[in-house]
Amino acid sequence: LWIAAGKSLVHAVTGLIVLAEILIVTALFFGVQVTIASPAAFALATVLTVLAFATIGLLLSSFFMLTRVPGYWQKALSRFLYVFCGVMYPVSVLPGWLQPISYILAPTWSLEATRLSVQPEALTDPRYLTDIGLTLALTLVYLLLAWYLQQVVERRVRVTAELERI
C-alpha cells in the first residue's frame, strides 16, 4: 500500500508543478494575471485536489497491478477523470445524464472549491465549505476502499504467486 501511495503522490505533485508552470507561462507570455483573493482557501483546495487525485490513483493501483498493460488503462482513465472532474471544462457542460458520475469523484468538488477561492470571502462561503467537506469525505472513502483492495490483491498474490506489475 505504501509503495502505491508514494507513486500516486509523486504523480499528483507533478501535476502541481505543471500547474505552476502553466500559471507562469500564462502570466509571462499571454499577459493574463490570475488573482487569488483568498490564498489560504486556494492552498487548501489545491492540497485537497492533489490528495483526491492521489487517492484515486491509489484506489486504481490494485487493478493496475493485476493487468498486463497498466499504461493503457492509466491513460484512458486519466482522460476520463479530466473530463468528468471538470479539469478540461466545467461539469455543467456535460449532458445531464452524465453529470452524476462527476459528483462521486472527489476532485470535482476540490476543483470547484479552487474556483471559488478567487473570491475574497471563500473561507466563509457555504459553497466552498461544502465542496471542501465533500472532498474530504470522498477522499476518505477512496482511501478505505484502496486499503481494502490492496488487502484483496495481496491475498491473491500470496495464493497464486503472480503479480503482473509493481
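Because the structure is predicted, anything quoted here is derived from the model rather than measured.
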What distance do [X] atom [atom1] and [Y] atom [atom2] have between them, rounded to the nearest 0.5 Å?
X	Y	atom1	atom2	value
Phe53	Cys85	CZ	SG	4.5 Å
Leu143	Leu51	CG	CG	9.5 Å
Thr26	Glu21	OG1	CD	11.0 Å
Leu145	Leu138	CG	CG	10.5 Å
Thr135	Leu140	OG1	CG	12.5 Å
Glu112	Leu134	CD	CG	11.5 Å

Residues in side chain to side chain contact (heavy atoms under 4.5 Å, CB included) contact with Val83, at least two apart in sequence or another chain: Met88, Tyr89, Leu94
Using a 4.5 Å cut-off on heavy atoms from C-beta on, say whether the side chain of [Y] contacts that of [X].
X	Y	result
Ser61	Gln150	yes
Phe84	Leu98	yes
Leu111	Arg115	yes

Donor-acceptor contact below 3.5 Å, side chain Gln119 vs main chain Ser38: no
So for atom CZ, which belongs to Phe80, do other residues, nucleotides or ligands contribute more than 12 heavy atoms lying within a distance under 6.0 Å? yes
Run through Thr139, Thr130, Asp131, Thr49 and flag the one making a side-chain contact (heavy atoms from CB on, under 4.5 Å) with Trp109. Asp131
Scan Leu48, Val47, Thr46 and name whichever one has a side-chain contact (heavy atoms from CB on, under 4.5 Å) with Leu44. Leu48
Identify the heavy atoms of [X] and [Y] that sit nearest to each other, and give their distance.
X	Y	answer
Tyr142	Ala52	CD1-O, 4.5 Å
Leu59	Ala146	CD1-N, 3.6 Å
Thr114	Ala45	OG1-CB, 3.3 Å
Leu123	Ala40	CD1-CB, 4.0 Å

Transitively linked via ILVMFWY side-chain contacts under 4.5 Å: [X] with [Y]?
X	Y	answer
Leu144	Ile56	no
Tyr128	Val118	no
Val141	Tyr103	yes

Running the 4.5 Å side-chain criterion over Ile, Leu, Val, Met, Phe, Trp and Tyr, what cluster does Phe30 land in, apart from itself? Ile24, Val25, Leu28, Phe29, Val32
Who passes salt bridge (Lys or Arg N to Asp or Glu O under 4.0 Å) against Arg127, sequence neighbours left out? Asp125
